Amino acid sequence: MTVLVLGGAGYIGSHAVDQLIEKQYDVAVIDNLRTGHQQAVHKKARFYQGDIRDKSFMESIFEKEAIEGVLHFAAHSLVGESMQQPLQYFNNNVYGTQVVLEVMQKFGVKLIVFSSSAATYGEPKEIPIKETADTNPESPYGETKLMMENILKWCDHAYDMKFVALRYFNVAGAKLDGSIGEDHSPESHLVPLILQTALGQRKELLIFGDDYPTADGTCIRDYVHVVDLIEAHILALDYLKAGNQSAVFNLGSSAGFSVKQMLDTAREVTGKEIPAVVTARRAGDPSTLIASSEKARNILGWKPQHTDIKAIIASAWNWHNAFPNGYDDTKNE
Ligand code: UDP
């Protein structure tokens, strides 16, 4: 039986494909390559280029492959962009997921592990954030993730489709051998931006605000290593295969680091100066987001191994050194 990975050429999806193959799963991948990289997809996975909103394309894959479960990473994922282009986000994320579920229902596929987000919570009332906290998304991106969770809930109710929604906090790092990593264009995430500055590709890091109510004034986030994050997806798939109920889990390391702490750690790891200047706050950034991941640890048996922030940054640095210009650039040789 086959695991179908939607968005398997993206940063997180490609790490999932890689770990599934290493664990001897049979894997098929769908990606439209709008932001993904085919080079990131493990050679042993069967790759199909296409869009999840294209129903006849999706049906053709479900006809060809004996799909047992779906890992769904295919989505637009930038908070700022979603504020400017909300309809694009509702179309790709919400409508795209609807098509996926329609095709799953038609072909009798009943298990799905879904990439959700801490953005479903909005500004938290309590830290660390538990899964029972209120959900008040503050961006179209977060709204789409919450809507998709709700669609899954009703599909479970009506069609007995079982889902695990994994609410990610800040995912960072790369496969430990440096062969796959994080390559967005344009880049907007903190760790790759810091490391591109270390490589001299950017003049300086812009720190978005130092007047937050935190110890050093900069935003605090919970960084989880991509390798640990994917481990939780495979545990979630096994949990569903064992006949368990649908559930929502936070995935974070349960520790918070400020932007300045991340920068200082990266200076230590890389031995580079990494110039930085403070600029205005970025719209929509809550001051502190830290997960309680007790539920994933207790129910899924998740044991994140790479929680040390230095190790997370070091693994990302390893990838950035091996692929300073990302996947597509021949200058990497
Ligand atoms: N950040 C920053 N400068 C940048 C990019 C990000 O200061 O150039 C901050 C941002 O305000 C947030 C943290 O770094 O507090 C993580 O941002 P990122 O975009 O990586 O992830 P997000 O928290 O939006 O999921």
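Quick note: numbers below take in every heavy atom, side chains included, and nothing from hydrogens, waters or symmetry partners. All values derive from a computational prediction rather than experimental measurement.
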For this session: Please lay out, stage by stage, how Leu289 and Asp222 fare under the test side chain to side chain contact (heavy atoms under 4.5 Å, CB included).
Result: CA-CA 6 Å; Leu289 292 176; Asp222 179 339; 5.8 Å; no

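- Side chains of Asp285 and Arg221 form a contact here, defined as non-hydrogen atoms less than 4.5 Å apart.
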Problem set entry | Worked verdict on Ile180 versus His15 for side chain to side chain contact (heavy atoms under 4.5 Å, CB included) | CA-CA 7 Å; Ile180 49 175; His15 284 81; 3.7 Å; yes

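- A 4.5 Å side-chain heavy-atom check between Val227 and Gln19 finds at least one atom pair inside the cut-off.
- Proximity of a side-chain donor or acceptor of Asn91 to a complementary backbone N or O of Leu87 within less than 3.5 Å is not detected.
- Residues Phe114 and Leu101 are members of one and the same hydrophobic cluster, defined by side-chain heavy-atom contacts under 4.5 angstrom among Ile, Leu, Val, Met, Phe, Trp and Tyr.
- Ion pair Lys310/Glu268 flagged as a salt bridge, since at least one NZ, NE, NH1 or NH2 atom sits closer than 4.0 Å to an Asp/Glu carboxylate oxygen.
- Side-chain atoms of Lys110 come within 3.5 Å of backbone N or O of Tyr159 as a donor-acceptor pair.
- A donor-acceptor pair under 3.5 Å links the side-chain atoms of Asn321 to the main chain of Trp317, judged by distance alone.
- The main-chain N or O of Leu176 is found under 3.5 Å from a side-chain atom of Asn318 such that the two form a donor-acceptor pair.
- Hydrophobic clustering of Ile, Leu, Val, Met, Phe, Trp and Tyr side chains at less than 4.5 Å, counting indirect connections, unites Val27 with Val164.
- For the pair Ile234 and Leu71, the minimum side-chain heavy-atom distance is 4.5 Å or more.
- Ile309 places a side-chain heavy atom less than 4.5 Å from the side chain of Met262.
- Between Glu68 and Lys241 there is a salt bridge, since a side-chain N of the basic residue sits under 4.0 Å from a carboxylate O of the acidic one.
- Between Asp26 and Thr2 the shortest side-chain heavy-atom distance falls below 4.5 Å.
- Cluster annotation: Leu78 is not connected to Tyr168 through the hydrophobic network of ILVMFWY side chains, with a link wherever side-chain heavy atoms come within less than 4.5 Å.
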Exercise. What do the steps show when you test Glu231 against Lys23 for salt bridge (Lys or Arg N to Asp or Glu O under 4.0 Å), and what is the final call?
Worked result: CA-CA 11 Å; Glu231 196 66 51; Lys23 293 195 157 78; 3.4 Å; yes

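- Between Lys153 and Asp156 no salt bridge is recorded (no basic side-chain N to carboxylate O distance below 4.0 Å).
- When the side chains of ILVMFWY residues are joined at heavy-atom separations under 4.5 Å, either directly or via intervening members, Ile112 and Tyr25 end up in two distinct hydrophobic clusters.
- For the residue pair Ser82 and Ser139, the shortest heavy atom distance occurs at OG-CB, 3.9 Å.
- Between the Gln98 side chain and the Ile151 main chain, no donor and acceptor come within less than 3.5 Å of each other.
- Side-chain contact annotation: His225 with Ser315, donor-acceptor N/O pair under 3.5 Å present.
- Checking each of Asp216, Thr218, Leu206 against Val259 for a side chain to side chain contact (heavy atoms under 4.5 Å, CB included) leaves exactly one that passes, namely Thr218.
- A salt bridge is absent between Asp51 and Arg34; no separation between the charged side-chain nitrogens and carboxylate oxygens falls under 4.0 Å.
- In this structure, Trp154 has its ring center under 6.0 Å from that of His157.
- At distances below 3.5 Å, not a single donor-acceptor pair connects side-chain atoms of Glu182 with backbone N or O atoms of Ala174.
- Judged by distance alone, the side chain of Arg167 and the main-chain N or O of Ala291 form no donor-acceptor pair under 3.5 Å.
- Counting only heavy atoms from C-beta outward, the side chains of Lys64 and Tyr48 approach each other to under 4.5 Å.
- Between Tyr121 and Phe169, the ring planes are tilted. Angles from 30° to 60° get that label.
- Using a 4.0 Å cut-off between charged side-chain N and carboxylate O, Glu22 and Lys44 make no salt bridge.
- No side-chain heavy atom of Lys175 sits under 4.5 Å from any side-chain heavy atom of Trp319.
- Side-chain polar atoms of Glu81 and Tyr89 form a donor-acceptor pair below 3.5 angstrom.
- Placement of Phe73 and Phe163 in two distinct hydrophobic clusters is found when ILVMFWY residues are connected by side-chain heavy-atom separations under 4.5 Å, directly or transitively.
- No cation-pi contact links Arg53 to Tyr95, judged by a cut-off of 6.0 Å to the six-membered ring centre and 45° from its axis.
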For this session: Before giving the answer on side chain to side chain contact (heavy atoms under 4.5 Å, CB included), spell out for His233 and Leu237 the whole-Å C-alpha distance, their side-chain angles and the decisive distance to 0.1 Å.
Result: CA-CA 6 Å; His233 289 68; Leu237 189 63; over 6 Å; no

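- One finds no salt bridge joining Glu187 and Arg202 here, because no Lys/Arg side-chain nitrogen approaches an Asp/Glu carboxylate oxygen to under 4.0 Å.
- Here the closest heavy-atom approach between residue Ala165 and residue Ser116 is recorded as CB-CB, 4.3 Å.
- At distances below 3.5 Å, not a single donor-acceptor pair connects side-chain atoms of Arg267 with backbone N or O atoms of Lys272.
- The closest donor-acceptor contact from the side chain of Asp31 to the backbone of His37 lies at 3.5 Å or more, if one exists at all.
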Exercise. Which is it for Leu4 and Phe62 under the side chain to side chain contact (heavy atoms under 4.5 Å, CB included) test, yes or no, and what are the steps along the way?
Worked result: CA-CA 9 Å; Leu4 177 65; Phe62 275 71; 3.5 Å; yes

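- Here the side chain of Lys130 pairs no donor or acceptor atom with the backbone of Lys295 at under 3.5 angstrom.
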Exercise. Stepwise, does the side chain to side chain donor-acceptor pair (under 3.5 Å) test hold for Thr97 with His72?
Worked result: CA-CA 8 Å; Thr97 298; His72 180 14; 3.0 Å; yes

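- Inter-residue side-chain proximity for Ile127 and Ile129 is flagged as met; some heavy-atom pair is nearer than 4.5 Å.
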